[in-house]
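Computed over heavy atoms, backbone and side chain alike; hydrogens, waters and symmetry mates excluded. Predicted model, so just to flag it, every value in this text is computed and none were measured. Residue numbering restarts at 1 for every chain, and letters A, B, ... go by the order of the sequence lines.
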Amino acid sequence: MKKNVYITDTNCVTPLGFDVTSNWEALLKGQSGIGLHDKLGMLESFYASVIDSEQLNTAFAGISGESHFTKLEKMLILALAPIISQHKITNRTAFVFSTTKGNISLLENENCEIEAAHLSALAKKISTFFGFTTEPIVVSNACVSGILAIAVAKRMLQSGVYDNAFVVAGDEVSEFVLSGFNSFQAMSQAPCKPYDKDRNGVTLGEAAAAVYMTSHSDEVQNGDMKILGDGAINDANHISGPSRTGEGLFRSIESAFKESGLEPEKLSYISAHGTATLYNDEMEAVAFNRLGLQKVPVNSLKGFYGHTLGASGLLETVIAIESARKNQLIGSKGFSEMGVTQSIEVIKEHTENEINYFLKTASGFGGCNTAVLFEKVR
Amino acid sequence: MEANKYISQYCVIENNSVAINGEPQFALENGSFSEFAKAAYKHFGIDYPKFFKMDNLSKLAFLTSEIILKEVVNPAEENDIALVFANQSSSLDTDAKYQSSIADETAYFPSPSVFVYTLPNICIGEICIKHKLQSENAFFVFGEFNAAFMSNYANLLLETNKAEKVLCGWVEYYNEKFKAVVYLVEKQGKLEHNEQTVNTLYTK
């Protein structure tokens, strides 16, 4: 017997605010976290969505007086703290942590012991701070990590391995990642423009996001989300570019729908990946068209937050959940004219619209893709 | 009650040697990982030039998997084999190499072909591409080998019909220290698939 799995609580820490309410208000005003930043290492000035360290330190001081945490660790703890305070951690509680690069900036110090940069060490530090008793599960699957972490937690809860789970995701802007995307010539010279005809690459960002998931239906209220299905399928095509046919994404979405039994016509909204590279956005449009989803309203939140790597899938799910709760679609910032060859329904302006079912997708290096289908509990 | 699952094949690479289903098959007495990997590639008759462009983690994961998959995959049909891999050091071996390429103003050479390997799941991509495995995949990181998680996750992929078979792997590589244990979980086989047997593959 498979159990139902729900998301009841959400939080996020981004340049637009340190909780969901402040983020939502900023999105409604059309604000973006993306700004022009000065030289970093050998990089000339660049656009990125960066959290102000002073504001972060002030907010963190409200939670803990300890000073030995990195910026990323503070973001993760701030994202989790208000959610954890509402629930009890038991030996049947999973702690799932998703990140692409973790504390990679520690490597900038040549005297750094490599163990300090281990993702498991970072997970353990957060886990110890909150008193989790189970071994942290770290998901590190490139840019799908954040949404894959939800699928992984859902699968473990569904089969009764755990009763509930805290899922947290975070990544920061570092010279390591900036220089890497730059070497790929994948960085946009202006704030990114997902799906637009003038898009020319990604803008990087940093954020942390967290959700509480449970298989206990007595914890669930109206407006919470039930997870209906998921899929995380590889393109098997290229390690640094998506499949032109969108095969992995197509199959991931197909797998999520098959599990859910939901008719695709019922879908109200797709929160897509939309990195604003030529190939990614085009590939998504192809996959959505192959599935007959080209008329479903779709957006990318990268114009507000940049590409927050392993955090993006979870952050964008947190915002999509807020959209569903408020029945309000957020306009896809940076988009003005259709720039993909197969037409899709990109949301131009904020629009009120009843949202009962939505899909979150992501794709990344290594040919990975993930899709998760959500239903609003009514 | 769910039907039993079995480990049908397994391959272990450590200390410059390869064992298949518990039987030692190849060893190179002295030599770096790169020399060992090249010798093993030749010994097992693998013909895949892309292998030589891979980073060390991908070479290790690819070799250990290929020894199993070349006997199992039927290229004439779709093979629904999920890949569930994990390790301790993520991609830190290549991360450190990439970091040194941007650390110094006088020797600043960030290379996209190195940067792409600064993600641990790239090794899964390499294996999927070789056998056109358009199937479920995920990469995890743990402080140490986690037989409980690996067996739970493989079981639930099979029980929820997300995959027909699951190729599981612990693929750890950092600075010439390496160990890989890769095994195929399916409905038939000799070894029963559970936490204890998975642990035995790793420790024996």
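Chain A forms more heavy-atom pairs under 4.5 Å with one residue of B:F85, B:F109, B:F142 than with any other, namely B:F142. Comparing A:G248, A:G367, A:S255, A:S240 by how many heavy-atom pairs each has under 4.5 Å with chain B, the most go to A:S255. When the candidates A:Q185, A:E135, A:M156 are compared by the number of heavy-atom contacts under 4.5 Å with chain B, A:M156 comes out ahead. Per-residue counts of heavy-atom pairs under 4.5 Å with chain A were compared for B:A103, B:P112, B:S100; the largest is that of B:P112.
Residues of residues 165-187 of chain B lying under 4.5 angstrom from chain A, judged on non-hydrogen atoms, are B:Y174 by number. Contacts between residues 147-161 of chain B and chain A, counted as heavy-atom pairs separated by less than 4.5 Å, involve B:F149, B:N152, B:Y153, B:L156, B:L157, B:E159, B:T160. Of all residues in residues 116-138 of chain B, those placing a non-hydrogen atom less than 4.5 angstrom from a non-hydrogen atom of chain A are B:V116, B:Y117, B:T118, B:L119, B:P120, B:N121, B:I122, B:I124, B:G125, B:E126, B:C128, B:I129, B:K132, B:L133, B:Q134, B:S135, B:E136, B:N137, B:A138. Residues of residues 31-53 of chain B placed with any heavy atom under 4.5 Å of a heavy atom in chain A are absent; none qualify.
Heavy atoms from other residues, nucleotides or ligands lying under 6.0 Å from OH of A:Y279 number 12 at most. The neighbour count for A:E108 CD, taken as heavy atoms of other residues, nucleotides or ligands under 6.0 Å away, is above 12. Counting non-hydrogen atoms of neighbouring residues, nucleotides and ligands closer than 6.0 angstrom, the NZ atom of A:K39 exceeds 12 such neighbours.
Residues A:S120 and B:V141 approach most closely at N-CG1, 4.2 Å, considering heavy atoms. Taking each heavy atom of B:Y108 and A:S179 in turn, the nearest pair found is OH-CB, 3.6 Å. Here the shortest heavy-atom pairing between B:F115 and A:F181 reads CE2-N, 3.8 Å.
Looking at B:S90 and A:H118, their side chains never come closer than 4.5 Å, going by heavy atoms from C-beta outward. With a 4.5 Å cut-off on side-chain heavy atoms, A:V138 and B:F140 do not count as touching. The closest side-chain heavy-atom distance from B:D95 to A:L107 is below 4.5 Å. Residues B:F139 and A:C368 form no side-chain contact, since every pair of their non-hydrogen atoms from C-beta on lies 4.5 Å or further apart.
Ring planes of A:F176 and B:Y98: perpendicular class, angle over 60° (limits at 30 and 60°).
The line from CD of B:Q88 to CD of A:E115 is 8.0 Å long, rounded to the nearest 0.5 Å.
Looking at A:N237, the atoms closer than 4.5 Å to chain B (heavy atoms on both sides) all sit in the backbone: N, CA, C or O. A:D230 touches chain B through backbone and side chain together, each having a heavy atom under 4.5 Å away. Contact of A:I114 with chain B is made through backbone and side chain together, with heavy-atom distances under 4.5 Å. Only the backbone of A:D235 comes within less than 4.5 Å of a heavy atom in chain B; its side chain stays farther off.
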